[in-house]
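Written below as structure tokens is the structure these notes are about.
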Amino acid sequence: MIENLDNLERSHSCGALRRESAGQCVTLMGWCARRRDFGPLTFIDLRDRDGITQIVVNQEKAPNAHAKAKEIRNEYVLAAIGEVVLRDEGARNPKLATGEIEVQASKIVVLNDSRPLPFQLDASDGALAAEDLRLKYRYLDLRRPQLQANLRLRHRMILEINRYMDEHGFTQIETPNLIKSTPEGARDYVVPSRVQPGKFFALPQSPQIFKQICMIAGMDKYYQIARCFRDEDLRADRQPEFSQLDVELSFASPDQVYALVEGLFVRIFRLIGVELQTPFPRFTFAEVMRRFGSDKPDLRIPSMELQDLSAALAETMFAPYASVISSGGDIKGIAVSGGASMSRKTLDELQEFAKRYGATALAWIKLGDELSSSLLKALGADKVIDLAGLAGAQKGDGVLIVAGKTDVVAASLGVLRNEVARREKLIPETVFAPLWVTDFPMFEFHEDDGRYYAMHHPFTSPLDDDVPLLERAVNGEKRLFGEIRAKAYDAVINGVEVAGGSIRIHHRDVQQLVFKALGMTDEMARTRFGFFLDALSYGTPPHGGIASGIERTLMVLVPTENIRDVMAFPKTASAQDLMIDAPGEVDAKQLEELHLKIVKE
Ligand code: ASP
């Protein structure tokens, strides 16, 4: 039954025909998405990447084609040859771009058959088969129109990036994938060397050092769509390998970087018909943490800013709050518009949410017909009303309150702000709200091992004004580490960090100071970064740059919460490729050549 393509050629795609095409004789090729039999009439929805066209096969007019059509099953590959006809008024399908016409087939060619599929391709979003099954048969899942559209958008976005960067004088430079570790804070993927026994390459977490070396090499303006590899615990927006637009420019000021990136995002968002307004508003890290409890605030959410309630509680006898205040912590609240109707269940769920971010409890106030609050007994009605007013709540609203360490209060109210807005449907879907976050802290303290780490990466420059603080901190005044600000910036759109970068250190002595601050002795710094410290000694121009996650940006454009929707061959949350079954074992000979032995635990 399977026939040859011979010299048959497509005249149109399955998404191309409109009412103006009526009367034309066409040849379409694609997959049978659905077949419906109505006795003497058989309908086939023929699908390719562009769309779906309805093919009608009439027993009387085309008996051979009709007989063949009866044998056709889903996902058979077909050519349909026939005339485009206008559908009757009542039979038109406004949901389909080709819905005004159909093709009356005179001939059907079956180019290939298909086994019954392991899952249904046209299930609605909520009814899709389990993701693991779809990942195993990724080539089938990718036939779904949504994923096809996502990958084509990705292509157009990358094309636009290349055009834009070229127009702005940037040179595309590829950097190696087999390198030595570049510190971005995650674990490296390592590759054993066959010719250098016992030695390993690391796959780049980003091309950070190479792009800076391109500046030292006088390349001036570098970019690349770079593949990055990070062995870290996966979340919905992370993959072990991903792509980023990586950019570096010489003699760069932050303003130049902002203007470049804003212009690029304007162009990218035009691909989905959205005109972003520039310049993007700018906020310091300190300000966004204070107001929104997050370094990537979603500015689409109307108000719901964190309000400081501690002044009103300065004299409180309520022990949990008194102890927070005396230990220098924060008590903050957010007003939830219409939140007086939040149910007990909702409040319990929100409490669980806040606890995940370290909060010990979530207090609440509801300004319903009657005042109710988890704090009523402890603080009394007057104080509770006072707090609700300070939080900005009005009649009908609710207030959520967290007390504790500054960072815990910010983090838990920050996520509550997003969660409540999502539940209460307060986020307008057609709005895009970009911003810059600037002046990040240079270092962050990790409680688990009691030391400071670079918040961005160790090549980020401190603010010029803060260099003396850095010197004092390295020379013993450790508490100053927390006060040093960096020339680092992130671009955020709709609560997603779509780009991050910094002005870099270009003086060797400052770079050495930062390595010291991170606990590296001169010797350790030499072993790991000697080549880079040397390079910095040969006339390094001031420089800076940024990297923008391709997948993260696409997640905002599509929009989707699942990073696997915007890449062709993603891995699972346990870093496996279920289609090719990787990672896999290698044979004994390969291990031997690589000087490796597997130790069974
Ligand atoms: N290398 C950084 C990253 O991958 C970005 C940058 O600083 O340009 O996150």
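Order of listing sets the numbers, starting from 1, for every ligand and every atom in it. Note that the numbering runs from 1 along the sequence shown for the chain. No hydrogens, no waters, no symmetry mates; every other heavy atom, side chains included, goes into these values.
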Please state which part of Ala547 comes within less than 4.0 Å of ligand 1, counting heavy atoms only: side chain, backbone, both or neither.
both
Return yes if some donor-acceptor pair links the side-chain N/O of Ser502 with the main-chain N/O of Lys487 below 3.5 Å, else return no.
no
Could you pull out all residues at least two apart from Glu497 that satisfy side-chain contact (heavy atoms from CB on, under 4.5 Å)?
Lys296, Asp490, Arg552
Atoms of ligand 1 under 4.0 Å from any heavy atom of His456, numbered from 1 in the order shown, are 6 (C), 7 (O)
side-chain contact (heavy atoms from CB on, under 4.5 Å) with Thr540: of His506, Met215, Gln212, only one passes, and it is His506
Donor-acceptor pair, Tyr357 side chain versus Ala411 backbone, under 3.5 Å?
no
Taking only heavy atoms of Gly500 into account, list the atoms of ligand 1 that are under 4.0 Å away from them.
5 (C), 6 (C), 8 (O)
Any N/O pair Arg230/ligand 1 closer than 3.5 Å
yes
Heavy atom under 4.0 Å from ligand 1: found in Val247's side chain, backbone, both, or neither?
neither
Using a 4.0 Å cutoff against the non-hydrogen atoms of Ile546, which atoms of ligand 1 qualify?
8 (O)
Hey, is the main chain of Ser303 close enough, under 3.5 Å, to the side chain of Arg417 for a donor-acceptor pair?
yes
Is the Lys NZ or Arg CZ of Arg227 less than 6.0 Å from the centre of Phe229's six-membered ring, within 45° of the axis?
no
Looking at ligand 1, is there an atom of it that comes within less than 4.0 Å of some heavy atom belonging to Gln212?
no
May I ask you to list the atoms of ligand 1 that are less than 4.0 angstrom from any heavy atom of Ser206?
1 (N), 4 (O)
Would you confirm whether Glu483, through its side chain, and Leu480, through its main-chain N or O, come within 3.5 Å as a donor-acceptor pair?
no
Ligand 1 to Ser502 polar contact by distance, N or O atoms, under 3.5 Å:
no
Polar proximity ligand 1 side, Lys211 side, N/O cut 3.5 Å exclusive
yes
Which is it for Gln244 and ligand 1 at heavy atoms under 4.0 Å: side chain, backbone, both or neither?
side chain
Answer yes or no: does an N/O atom from Arg504 fall short of 3.5 Å to an N/O atom of ligand 1?
yes
Looking only at atom types and distance, does a side-chain atom of Gln576 sit under 3.5 Å from a main-chain N or O of Pro583, one as donor and one as acceptor?
no
